[in-house]
Amino acid sequence: MDDNQRLAALLFPDVTETVDDLERRFPPRDLPEGAKVTRFAPSPTGFLHIGGLFSAFVSVLAAKSSGGRCFLRIEDTDKKREIEDGVSGIIEGFRAFGIAFDEGVTGFDSESGDYGPYVQSRRADIYHVVAKKLVEEGLAYPCFCTEEELTALREKQEAAGTNIKGYFGEWAACRNLSFAEQEAKIKSGAPYVLRLRSTGDESRKFTFDDQIRGKIEMPENITDAVLLKTDGIPTYHFAHACDDHFMRVTHVIRGDEWIASVPLHIALFRACGFRPVKYAHVAPVMKEENGGKRKLSKRKDPEAAVSYFVEEGFPKEAVLEYLLTLINSNFEDWRRANPDGALFDFPFSFKKMSQSGALFDLVKLRDVSKNVISRMDGETVTRYTLEWAKQFDPDFYAICEKDADYVRRVLSIDRGTAKPRKDIAVWSEVRDSVSYLFDDLYTPDYALPENLSPADAAQILRAYAAAFDAADDKDAWFQRIKALCEPLGYTPNVKEYKKNPEAFRGHVGDVSTVIRVAVTGRRNTPDLHAIMSVLGEGKVRARLADAIAYYEK
Ligand code: GLU
């Protein structure tokens, strides 16, 4: 036994497994050539940021479009950031948006897949096996420096004006302790961290090929980064190398704040004897402000939280559709060519991603959402509206619950047609848009266009009430309105009216406006014939009578 082996045995007396055992426990995945294995790896903060949904969606798309796999891993090594059961909130967030992982964490205390555990705090044994090997090979060592000593080191480096600050080379006091010194300290119970013994050289550069940004050249890492903290828990860096290797990840998709750490990460993969992964560094989701761009902020922007979109009632399809327009610049062309294509069939590519950060624009999202909802049939709109209302508008839900079939007929007006209505962007707008169809919500506004008096309206309505036949189809219905015009001094022909306005009291548009206002209490509505069919003869007659009474008052 040499000193390194003696040190490894002293530091990890209970570790009996070897890295080779782990290689066998987590064999390479049996996937087709070119299949990408990706993961989304949040900390359990309970909060799903729109940027997180964005990255997770990219990870799923990269895997799906290549016949690979994407899993969810929880990175809970930073106890400070963790909140109690921060996992469920994240999983709920993904579920609400229809993002499904192939394996990994599925709940507070559950997971599926052959490459777990998928929660880092349950992987201590794995990290310790790898750490032990590094110590045996002289590539890692215990560091006993205290907080105060590290602060003093930093101050000395400041004063000396060193290029690189940190624990490295000459400055690394514990790097060259003898085994006897190490053993004495460990036996005395002195706390220590485990550090990488860097073999990097600051004057040497290496390049890596970022999937989104292309070639990036950086100097090698030279610092002796911490691998295990005093409590034996790994740092992000060390866990990243161990987990992404043994979970057989091919492409690490993560925020671009990690680019600066790539030299260390590559050094760690090499020291461990692992083949480095490929990286795709995603720029943050941005927001326009005062003509400039800034990151969406959890504190300042309600739309930074994925829950905002659920509460507002954006359909998940619309949010994903919109995110795809931000993810790949050619998505909108693809959508035009494939109006009914499933989102996950889109041929995603890293190369078409923004390097500077996509701008998140709520107005644009609303437009996308209106289009997405316009493509849904009445059945789907009803189901989503009721799901949303049940949670966020119980009063409206209670009204709807009285007659589900009626609600379906209301929400089917002007849908599934060649030119479907596009007036709704979020489920929370449905109530206002259809309130006139529910007696419980109906508060008519009988205001008339300027050229019509209440007496005119009453006269038109009395004539219409006498002529109205609930059995009319749309053509017959309109013919009947036209037929009312001339006897009352209006013309059924708008062009004629424009040519000679003095000759008439108004035109057919005025007559139908009066009927529309009387039946719906609004000037603008979707197809009036469809509305009257849904309301039914009884309600239509009652509303005509109410309006006549109002105008005659
Ligand atoms: N847990 C890391 C974070 O939340 C994930 C980075 C990664 O995907 O590797 O930033």
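Start at 1 with the first residue, then count along the sequence. Both backbone and side-chain heavy atoms feed into the values below; hydrogens, waters and symmetry mates do not.
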May I ask you to say whether Asp301 pairs ionically with Arg294, meaning some side-chain N is under 4.0 Å from a carboxylate O? yes
Which pairs pass side-chain hydrogen bond (donor to acceptor under 3.5 Å, both in side chains) with one or both residues in residues 391-400, sequence neighbours excluded? Asp393-Arg431
salt_bridge(Arg73, Asp244) N-O dist < 4.0 Å: yes
Flag the pair Arg375 and Glu317 as a salt bridge only when some basic side-chain nitrogen lies within less than 4.0 angstrom of an acidic carboxylate oxygen. no
Other residues, nucleotides, ligands: >12 heavy atoms within 6.0 Å of Lys419 NZ: no
Check side-chain hydrogen bond (donor to acceptor under 3.5 Å, both in side chains) between Arg122 and all other residues, then give those that pass, not counting sequence neighbours. Asp109
Salt bridge between Lys364 and Glu332, side-chain N to carboxylate O under 4.0 Å? yes
Only counting residues at least two apart or in another chain, list the ones meeting ring-ring contact (aromatic ring centres under 6.0 Å, His included) with Phe54. none
Could you check whether the rings of Phe350 and His251 sit parallel, tilted or perpendicular, using 30° and 60° as the cut-offs? parallel
With a 4.0 Å cut-off on N to O distance, would you call Arg366 and Glu429 a salt bridge? yes
So which of Phe344, Phe94, Phe331 actually passes ring pair (Phe, Tyr, Trp, His ring centres under 6.0 Å) with Phe57? Phe344
Tell me, which pairs form a side-chain hydrogen bond (donor to acceptor under 3.5 Å, both in side chains) where one or both residues lie in residues 86-98, sequence neighbours left out? Asp85-Ser88, Glu92-Arg95
Tyr279: partners by ring-ring contact (aromatic ring centres under 6.0 Å, His included), with sequence neighbours left out: His240, His281
Return the set of residues passing salt bridge (Lys or Arg N to Asp or Glu O under 4.0 Å) with Asp209 (not counting sequence neighbours), or none when no residue passes. none
With a cut-off of 6.0 Å (strictly less than), are more than 12 heavy atoms of other residues, nucleotides or ligands near NZ of Lys293? yes
Quick one: list whatever passes side chain to side chain contact (heavy atoms under 4.5 Å, CB included) with Asn330, sequence neighbours left out. Asn328, Phe346, Lys352
Apply side chain to side chain contact (heavy atoms under 4.5 Å, CB included) to Thr491 and list each qualifying residue two or more places apart in sequence or on a separate chain. Asn493, Glu496, Tyr497, Phe504, His507
Using a 6.0 Å distance limit plus a 45 degree cone around the ring axis, check whether Arg69 lies over the aromatic ring of Tyr115. no
Determine whether the aromatic ring centres of Phe309 and Phe360 lie less than 6.0 Å apart. yes
Is there a donor-acceptor contact under 3.5 Å linking the side chains of Arg123 and Thr77? no
Can you tell me if Glu111 uses its side chain to pair, donor with acceptor, with the backbone of Tyr118 under 3.5 Å? yes
Regarding Ser435 and Asp432, do their side chains bring together a donor and an acceptor under 3.5 Å, going by distance alone? no
All salt bridge (Lys or Arg N to Asp or Glu O under 4.0 Å) counterparts of Glu450, not counting sequence neighbours: none
Cationic N near anionic O, under 4.0 Å, Asp546 to Arg543: no
Please collect all side-chain hydrogen bond (donor to acceptor under 3.5 Å, both in side chains) contacts where either partner lies in residues 27-36, sequence neighbours excluded, each pair once. Arg29-Glu103
Tell me every residue that passes side chain to side chain contact (heavy atoms under 4.5 Å, CB included) with Asp340, counting only those two or more places apart in sequence or in another chain. none
Are any of the side-chain nitrogens in Lys474 or Asp527 under 4.0 Å away from the carboxylate oxygens of its partner? yes
Are more than 12 heavy atoms from other residues, nucleotides or ligands located less than 6.0 Å from atom NZ of Lys295? no
Could I get the full list of ring-ring contact (aromatic ring centres under 6.0 Å, His included) partners for Phe438, not counting sequence neighbours? Tyr406
